[in-house]
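What's counted below: heavy atoms across the whole structure, side chains too, no hydrogens, waters or symmetry copies. None of the values given here were measured: they were computed from a predicted structure. Chain letters run A, B, ... following the sequence lines, proteins first and then strands; every chain starts at 1.
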Amino acid sequence: MSSQMPTEPVLQWYAENARDLPWREASATPWSILVSELMLQQTPVVRVLPVWREWMGRWPTPAALAAEPSGEAVRAWGRLGYPRRALRLHACAVAITERHGGRVPDDHDTLLALPGVGAYTAAAVASFAFRQRHAVLDTNVRRVLARLRTGVEYPPKAATRAETKLAETLLPADAETAATWAVAVMELGALVCTARSPRCADCPVIDQCAWYLDGKPPYDGPPRRGQTYAGTDRQCRGRLLAVLRETSGPVEKPALDVVWSDAVQRERALDGLIADGLVDPLEDGRYALPR
DNA sequence: GATGCGTGGCG
DNA sequence: TCGCCAAGCAT
């Protein structure tokens, strides 16, 4: 006999405990869901909420965003981090407007071809917006499955074939149920089966959790990545771009120079921002957000 | 497959 | 305090 499936208890838990997030409401559109997914890449929900609301009020359709300079998307991105995502979202809006009649595509492979849309985001939009049956493997789901079925505290750094197969095995046959299951497992990982201090007492499937039943053995693999930040090019880039975001028009070079003392690193970071299309060097020597 | 890419909150 | 972590993607 196969082991007990976690589907029903997780679905019931979700029905009773899901957060009221605006991109989950019935009024959410495929576009608003796509925007939320790009913003949520590596960024906590609480920080995304206000920016997402502003974006939806200002750019309710892909065409509305596509009509603006990409720099406006970068400016409105605020301090969400990884501002290349703003550029990619703008490029998404242009592609959707020009190639897909202004409608977010509902096909997984077509979604995958959009800028900034990888395996996770394509599956998430197909599932959440179009109620299709896809394995949606984000960091939350990977952690839940690692504990529940594999019996380890954390999943491997990079998603493996085995994880995908496992996720597909657990996917309910019915598409609508699968779509709810996908968001439910993700929510379980976000609220209960958390990385640092899991709230196992509140878990609806604790009775079948391989990790818990084995006494919650601590993580045993290679050291998990520690990304230093202070003094890095990333921090420098952030400082430079912040100046441009907070200024309405182009800025003079000295306005950029004052935010980072190491000139070599500063120039390298600025060149990187220009190469990424996040900063536009004007002919008069000033710098601006891109058109 | 390993790296680079922001930002801020929390244990 | 400070390392870890947060709905990844592109190269």
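Checked against salt bridge (Lys or Arg N to Asp or Glu O under 4.0 Å), A:Arg199 has the following partners two or more places apart in sequence or in another chain: A:Asp202. Looking at residues two or more places apart in sequence or on another chain, you find no side-chain hydrogen bond (donor to acceptor under 3.5 Å, both in side chains) involving A:Arg53. In this structure A:Gln265 satisfies the side-chain hydrogen bond (donor to acceptor under 3.5 Å, both in side chains) test together with A:Asp233, A:Trp260, sequence neighbours excluded.
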Grab the N/O contacts between the protein and nucleotides 9-11 of chain C below 3.5 Å, and write none if there aren't any.
{"unit_1": "C:dC9", "atom_1": "OP1", "unit_2": "A:Gly118", "atom_2": "N", "d": "2.8"}
{"unit_1": "C:dC9", "atom_1": "OP1", "unit_2": "A:Gly118", "atom_2": "O", "d": "3.4"}
{"unit_1": "C:dC9", "atom_1": "OP1", "unit_2": "A:Thr121", "atom_2": "N", "d": "3.0"}
{"unit_1": "C:dC9", "atom_1": "OP1", "unit_2": "A:Thr121", "atom_2": "OG1", "d": "2.7"}
{"unit_1": "C:dC9", "atom_1": "OP2", "unit_2": "A:Tyr120", "atom_2": "N", "d": "3.4"}
{"unit_1": "C:dA10", "atom_1": "OP1", "unit_2": "A:Gly116", "atom_2": "N", "d": "2.7"}

N/O-N/O pairs, protein side and nucleotides 9-11 of chain B side, under 3.5 Å:
none

Review item, side-chain donor-acceptor pairs of residues 20-27 of chain A, under 3.5 Å, at least two apart:
{"unit_1": "A:Arg24", "atom_1": "NH1", "unit_2": "A:Arg19", "atom_2": "O", "d": "3.2"}
{"unit_1": "A:Arg24", "atom_1": "NH1", "unit_2": "A:Glu187", "atom_2": "OE2", "d": "3.1"}
{"unit_1": "A:Arg24", "atom_1": "NH2", "unit_2": "A:Glu187", "atom_2": "OE1", "d": "2.7"}

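Using a 4.0 Å heavy-atom cutoff across all strands shown, A:Arg24 reaches at least one base atom of the nucleic acid.
One P atom belongs to C:dC2, the other to B:dC5, and the distance between them is 23 Å to the nearest Å. For the C1' atoms, the distance linking B:dA2 with C:dA7 amounts to 23 Å, nearest Å.
Near DNA chain C, meaning a heavy atom under 4.0 Å from it, residues 238-247 of chain A has no residue at all. Listed by residue number, there are no residues of residues 255-266 of chain A with a heavy-atom contact under 4.0 Å to DNA chain C.
Among residue pairs with one or both ends in residues 109-150 of chain A, those qualifying as ring-ring contact (aromatic ring centres under 6.0 Å, His included) are A:His108-A:His134; sequence neighbours excluded. Residue pairs meeting the ring-ring contact (aromatic ring centres under 6.0 Å, His included) criterion with at least one member in residues 167-223 of chain A, sequence neighbours excluded, are A:Tyr154-A:Tyr219. Listed by first and then second residue, the ring-ring contact (aromatic ring centres under 6.0 Å, His included) pairs involving residues 188-210 of chain A amount to none (not counting sequence neighbours).
In this structure, A:Val152 stands alone, with no Ile, Leu, Val, Met, Phe, Trp or Tyr side-chain heavy atom under 4.5 Å from its own, directly or through other members.
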